[in-house]
Amino acid sequence: MNQRNHAMTTEPQTTLPQDENQIITERRAKLKAIREKGIAFPNDFERKHLAANLHAEFGEKSHEDLEAAQIHVAVAGRMMLKRVMGKASFATAQDVSGRIQLFVSNDNTGEAAHAEFKHYDLGDILGAEGVLFKTKTGELSVRVTKIRLLTKALRPLPEKFHGLTDQEQKYRQRYVDLMTNEETRNTFLIRSKIVQAIREFFARHDYLEVETPMMHVIPGGASAKPFVTHHNALDMPLYLRIAPELYLKRLVVGGFEKVFEINRNFRNEGLSTRHNPEFTMIEFYEAYRDYRYLMDFTEKLFSEVARKVLGTTVINYQGKELDLGQPFHRLTMVQAIQKYHPQFSDAQLNDRDFVINELQDLKAKYKPEDGLGGLQLSLFEELAEAHLFEPTFIVDYPVETSPLARASDTRPDITERFELFIVGREIANGFSELNDPEDQEARFDAQVAAKEAGDEEAMFKDADYVRALEYGLPPTAGEGIGIDRLVMLLTDAASIRDVILFPHMRPE
RNA sequence: GGGUCGGUAGCUCAGCCGGUAGAGCAGCGGACUUUUAAUCCGUUGGUCCCGAGUUCGAAUCUCGGCCGACCCA
């Protein structure tokens, strides 16, 4: 019965425009001929060598040394370039590590095999065996004795010199982008190294890596609109998580005193060069620490990751230089506003009416019901945020916009919270955690009231989370870092889509 | 949501003061045994994003729409 239900649901499907063309037709005919001769997609070629390893090991050897050594190799890869010259040909094969040149000739490969090779197309995947040698110009190459077509490519590669440049196609058909653009491959190699370096950092600090639910009954831990899905068996709505925060802190309650999770969050918001609906965050929590410790810890993390991945802490972002190895600036919101707008006095920026006036003059978005802190935050976002190019911690966030953060002991209207801005973008958010269950419950109630008053991004009340706090959360500090934005910074990427393999796109 | 730019051959792009579409690469055929985006000769290939309007005639001008990139909110 359930199966019937499933069968009756509409299956998502994609239909691509009819795009057969002369080239594809030609290649289909070639494939048909290959099928008629035998196995068209063989899987018995034994690849023994990678291009980059061969260059590293034998690239410096002389022509004579190579001839004397007679090094037999078996390489495989996609044919990216092809130069046919009658009785001999050159081809460039690309594997995961790089490229190696193949020399195919009547003399070494045989006339029949060479004749067949001439009909191979750019993009085809080849396997070749032969002996290493150096060409006249000194390029390490394989003098091919055997060559086979392993996979016929039916679709042509983009133009060989410019590669794929159309941004939309680079995102939609990332596989084509990856096979043609070294820069794209490099971006995602760096991304992988960044994540690896982060894991190493946390492992060395004795953190436990955990996985908490992606599907939440109550979406919590951030102020954002969630995606909704439906659980059939339980017949109830579920929300894709907007943050793992509340679950990670439950783990600290349970006694895992240092935890982190690197995974996706989902926020049902617009798309931009800085926003993708699913994005990767690391969140981490450590007991018996506060937000000041986190700031120092974050500086260490960023400079270590940069040094490991790029070999330096000095990075160039969109033509401007910054150093992740220097201590980051630390400013309050008011100080940050004054840094770029010194005409405002402390008295003015602490005058509610004055701030509202400024916001109105700037035609800025703000919530009129906000207290001074919330209004200052709106003004900060309007006047200062985009200018914070060098790493800067902004501190003293108002209680009303920080419902999970511990309030200051000296100023009850602000929290022990910071956000880190680099190149004008928010990249991290951390605070001393609110571990007073009664205060937390009151803050949730205030959020619920705001939601009922129409604030779609206000938080839901999570009663079990309050119950967990009632068992006792030790004093704890926690932080989230946007991995995509960090990768943008370290790969000099202008758009978040450039650092996400398959960014969200409107369906074709 | 607003602004700017763009959508022409498989790819990279010309053509856009209206006269019915071009180059390079890729493909196909030919020459060429050390090329490097090989070169040379020949050649196939188009829903000029979609729709409407203006006009004798629209890739080109006008309007509407779709899609994308960038900037702004």
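Just so we're on the same page: letters track the sequence lines, and every chain starts at 1.
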Watson-Crick or G-U counterpart of [N], or none if no pair lies under 3.5 Å:
N	answer
B/G42	B/C28
B/A52	B/U62
B/A21	none
B/G1	B/C72
B/G6	B/C67
B/U47	none

Interatomic distance where [atom1] belongs to [X] and [atom2] belongs to [N] [whole Å]:
X	N	atom1	atom2	value
A/K82	B/C25	NZ	C1'	14 Å
A/L164	B/A26	CG	P	17 Å
A/I23	B/U43	CD1	P	18 Å
A/D124	B/G10	CG	P	19 Å
A/Q169	B/C67	CD	P	18 Å
A/H162	B/A14	NE2	P	11 Å
A/D121	B/C25	CG	C1'	14 Å
A/F161	B/U12	CZ	C1'	11 Å

Measure from the side-chain heavy atoms of [X] and tell me the nearest of [options].
X	options	result
A/K30	B/A73, B/A69, B/C28	B/C28
A/E168	B/A26, B/G68, B/U12	B/G68
A/R27	B/C70, B/A26, B/C25	B/A26

Within the structure, does a side-chain N or O atom of A/K160 lie under 4.0 Å from either OP1 or OP2 of B/C25?
no
Residues passing the side chain to side chain donor-acceptor pair (under 3.5 Å) test with A/R274, sequence neighbours excluded, are none
Counting only N and O atoms by type, is there a donor-acceptor contact under 3.5 Å from the side chain of A/T491 to the main-chain atoms of A/V487?
yes
Any sub-3.5 Å donor-acceptor pair from A/R27's side-chain atoms to A/R155's backbone N or O?
yes
For residues 46-60 of chain A, please give each side-chain donor-acceptor pair under 3.5 Å, one per line with the distance, not counting sequence neighbours.
{"residue": "A/H49", "atom": "ND1", "partner": "A/A74", "partner atom": "N", "Å": "3.1"}
{"residue": "A/H55", "atom": "NE2", "partner": "A/R99", "partner atom": "O", "Å": "2.8"}

Span that lies between the [atom1] atom of [M] and that of [N], in whole angstrom:
N	M	atom1	result
B/G27	B/G68	P	32 Å
B/C16	B/G10	P	23 Å
B/C56	B/G64	C1'	26 Å
B/U44	B/G24	P	13 Å
B/A37	B/U12	C1'	12 Å
B/U39	B/U60	P	35 Å
B/A21	B/U54	P	24 Å
B/C11	B/C72	P	31 Å

Not counting sequence neighbours, list each pair that qualifies as a salt bridge (charged side-chain N to carboxylate O under 4.0 Å, His left out) and has a residue in residues 329-355 of chain A.
A/D296-A/R330, A/E299-A/R330
Contact letters for nucleotides 29-35 of chain B, in which S counts primed atoms plus P, OP1 and OP2 and B counts the base, heavy atoms under 4.0 Å:
S--BBBB
So does A/K367 pair up with A/D455, basic N to acidic O under 4.0 Å?
yes
I'd like to know if A/R78 pairs up with A/D95 as an ion pair, taking the criterion as any Lys NZ or Arg NE/NH1/NH2 lying under 4.0 Å from an Asp or Glu carboxylate oxygen.
no
On the 0 to 90° scale, with breaks at 30° and 60°, tag the A/F103-A/F90 ring pair as parallel, tilted or perpendicular.
tilted
Between A/Y239 and A/F460, how do the two ring planes meet: parallel, tilted or perpendicular, split at 30° and 60°?
tilted
Looking across every strand, which nucleic acid part, if any, lies under 4.0 Å from [X] by heavy atom: base, sugar-phosphate, or nothing?
X	answer
A/L157	nothing
A/S495	sugar-phosphate
A/T92	nothing

Distances for protein N/O vs nucleotides 44-46 of chain B N/O pairs under 3.5 angstrom?
{"residue": "B/U44", "atom": "O2'", "partner": "A/Q22", "partner atom": "NE2", "Å": "3.3"}
{"residue": "B/U44", "atom": "O2", "partner": "A/Q22", "partner atom": "OE1", "Å": "2.6"}
{"residue": "B/U44", "atom": "O2", "partner": "A/Q22", "partner atom": "NE2", "Å": "2.4"}
{"residue": "B/G45", "atom": "O4'", "partner": "A/Q22", "partner atom": "OE1", "Å": "3.3"}

Could you point out which residue of A/R143, A/K134, A/K61 forms a salt bridge (Lys or Arg N to Asp or Glu O under 4.0 Å) with A/E67?
A/R143
Side chains of A/V499 and A/R485: closer than 4.5 Å at any heavy-atom pair?
no
Both A/L271 and A/Q167 contact RNA chain B. Which one's nearest nucleotide lies toward the 5' end?
A/Q167
Residues pairing under side-chain hydrogen bond (donor to acceptor under 3.5 Å, both in side chains) where one sits in residues 375-391 of chain A, two or more places apart or in two chains, turn out to be A/H329-A/E390, A/N350-A/Q376
